[in-house]
Structures are given as structure tokens and as C-alpha cells.
Amino acid sequence: MTSGQFHLLLDGALNTIYLTLGGAALALVLALVAGLARARGNRAVRIIGGCYVEIFRGLPTLVLAFWFVFALPALGWQLDPLWAGMLALGLNIGAYAAEVVRGAIRSVPTGQAEAAVALNFTRAQRIRHVELPQAYVAMLPPLGNNLIELLKSSAVVSIVSIPDLTFNAQLIRMSSGETLPVFTGLLFGYAVIALVLTGLMRLLERHAVRTLGREPVPGVIRRILRRAEATA
């Protein structure tokens, strides 16, 4: 592989990371707003949150990306392709994550909310100080899955000429004719990014569990070390 091809792949990997993190940030905001609206909002707010979830959960990310890149300019708006990709990914994954947030908030025991009402908390205080801190721990594992789904979906936007890792790898394959090494490298590239994101989410989960005064479940390596110590 030449240095030019290596730099092309590196640029693609960085764009994939930008797409993933930018899309995840947008998805998290939308998920919190829509999830809270569906779990604790009044009827009108629940309907608006439900419309967002049902509409964007059913729309393919690729169709959204096509619309933002090729159809939106007809209305006088021209988005940078990278921003268009983030928007498409965030809107789609945010709809799935909203259901995660809604389920996590509803899983908080009703006695906790009733105790907050007895203490004269407002609805906003009850959500911020009582329900969200407990729901946060429950929602992190499925949100981690949504993050990995978002990373995998980011490869789809390469079809609309967004220069991510897959798009740039395709350019190298077409110019060099080397299919096996290029796509094998592509597999490893996505696997490394996914492993890093998974590790970061695990750290967040462990930190969140400790903030509630609980002991996190030990990881695989720690369990193996404990068994080795027990049998020694």
C-alpha cells in the first residue's frame, strides 16, 4: 500500500468516526427528548414523540441520506455531505434510542416517583433528580448497541459519495484492483473502531453503576484472574 492510499484510508476512518460521534450526539439528544415525551409527557407531547419515533424508525438511513444530499438542495438548502450523513444517522438511530429511554424511565419503580411527589418535587425535579439517574444505568447497555448499529449504518452513506472509510476503500480497490487486502483491511478497521466504542461504553456503565453505590459486575479478564487466584 502506498503512502497516498494509507492517508486516504486514514481520512476515511476519521470521517467514519466523525459520522458516528456526530450522529450519536444528535441521536442522544433526540432520544432523550422523544423518550421523555413518550414516558412522562401529556397526551399532545406523547403523540408528537410517537410520530417522530414511528416515522424515522421506518425510514431507511440510505433514503434519508439521499434526500438530504440530493433532494434538499432543490428547496434551497445545501448541506455539507458529512453533515447530511450525520443528520440521516442521528434521526434514524435516535428513533430507536428513544424507545430505550422510554423503557428505562418506565422501569424506575413507581414508589420512587411517589416518594418524590411526597417531598413536594416538581415534575422536572422528579425526572432530573430521581428518575433519570436510575434510568441512566438501565439505558446504557442498549444505547451501546445503538451506537454500534450507528457505526455499521455509517457505511451505507458511502453510496451518496460521502468520503467515509468504505467510500475511500472502494476508491483504492478500483484504482489498484486489490480486492482481498482492501476489504480485509476494511473489516479490521470497523472492528477496531467498534471495540474502542464498546470499551468506552463499558467504562461509562461501570461508572454509572458506582454512582448509585453498587458494585459493577466484573469483566471477563477480572473473572478469569479471580478464578485463577481461587484455584491457586
Side-chain angles (χ1 to χ4, degrees), residues 1-28 30-31 56-74 77-97 140-205 219-221 224:
M1 180 180 291
T2 65
S3 61
Q5 291 173 338
F6 176 78
H7 283 103
L8 192 61
L9 277 181
L10 188 60
D11 288 341
L14 287 174
N15 283 338
T16 291
I17 293 171
Y18 293 151
L19 282 166
T20 303
L21 296 183
L26 176 62
L28 182 61
L30 292 172
F56 285 96
R57 191 168 55 175
L59 292 178
T61 305
L62 180 59
V63 174
L64 282 172
F66 267 116
W67 196 87
F68 286 125
V69 173
F70 299 117
L72 192 60
W77 292 79
Q78 180 71 57
L79 289 178
D80 179 271
L82 206 58
W83 286 103
M86 287 181 195
L87 195 55
L89 290 166
L91 285 169
N92 183 251
I93 298 298
Y96 287 97
L140 275 178
L143 286 182
N145 290 336
N146 289 146
L147 180 61
I148 299 303
E149 283 297 323
L150 194 150
L151 168 66
K152 292 189 292 185
S153 298
S154 71
V156 172
V157 302
S158 64
I159 297 176
V160 293
S161 303
I162 294 175
D164 72 333
L165 185 57
T166 302
F167 183 84
N168 287 359
Q170 282 276 35
L171 291 181
I172 295 172
R173 185 187 70 84
M174 287 188 289
S175 63
S176 65
E178 296 178 342
T179 300
L180 180 62
V182 170
F183 282 131
T184 303
L186 200 58
L187 288 177
F188 279 105
Y190 278 105
V192 168
I193 296 172
L195 285 173
V196 171
L197 293 176
T198 302
L200 292 174
M201 290 302 295
R202 291 276 165 77
L203 288 175
L204 271 179
E205 289 172 28
V220 176
I221 296 176
I224 292 173

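Just so you know, these numbers use all the heavy atoms, side chains as well, and skip hydrogens, waters and symmetry mates. Please read all numbers here as calculations on a predicted model, not as lab measurements.
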Among pairs that include at least one residue of residues 169-178, which meet side-chain hydrogen bond (donor to acceptor under 3.5 Å, both in side chains), considering only residues two or more places apart or in two chains?
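Residue pairs passing side-chain hydrogen bond (donor to acceptor under 3.5 Å, both in side chains), neighbours aside: Gln170-Arg173.
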Could you pull out the closest heavy-atom pair between [X] and [Y], with the gap in Å?
X: Ala27; Y: Ile93; result: CB-C, 4.2 Å
X: Val69; Y: Gln78; result: O-NE2, 4.4 Å
X: Ala169; Y: Leu186; result: CB-CD1, 3.7 Å
X: Arg57; Y: Asn92; result: O-ND2, 4.4 Å
X: Ala65; Y: Val157; result: CB-CG1, 4.2 Å
X: Met201; Y: Leu143; result: CE-C, 4.3 Å

Starting at [atom1] of [X], measure out to [atom2] of [Y] and round the result to the nearest 0.5 Å.
X: Leu91; Y: Phe56; atom1: CG; atom2: CZ; result: 4.5 Å
X: Ser158; Y: Leu19; atom1: OG; atom2: CG; result: 10.0 Å
X: His7; Y: Leu14; atom1: NE2; atom2: CG; result: 10.5 Å
X: Met86; Y: Leu82; atom1: CE; atom2: CG; result: 4.5 Å
X: Thr166; Y: Asn15; atom1: OG1; atom2: CG; result: 11.5 Å
X: Ile172; Y: Thr179; atom1: CD1; atom2: OG1; result: 12.0 Å

Any donor-acceptor N/O pair, Asp164 side chain to Ala13 backbone, under 3.5 Å
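Answer holds: no.
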Determine yes or no for a side-chain-to-main-chain donor-acceptor pair under 3.5 angstrom, with Thr16 supplying the side chain and Leu165 the backbone.
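Side chain of Thr16 to backbone of Leu165, a donor-acceptor pair under 3.5 Å: yes, one is there.
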State which residues pass ring-ring contact (aromatic ring centres under 6.0 Å, His included) with Phe70; sequence neighbours excluded, sorted by chain then number.
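With neighbours one apart ignored, the set is Phe66.
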With a 4.5 Å cut-off on side-chain heavy atoms, are Tyr190 and Leu151 touching?
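Result yes, sub-4.5 Å side-chain heavy-atom pair found.
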With the side chain counted from C-beta on, respond yes when Leu89 and Ser154 share a heavy-atom pair under 4.5 Å apart, and no when they do not.
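They are in contact (side-chain heavy atoms under 4.5 Å apart), so the answer is yes.
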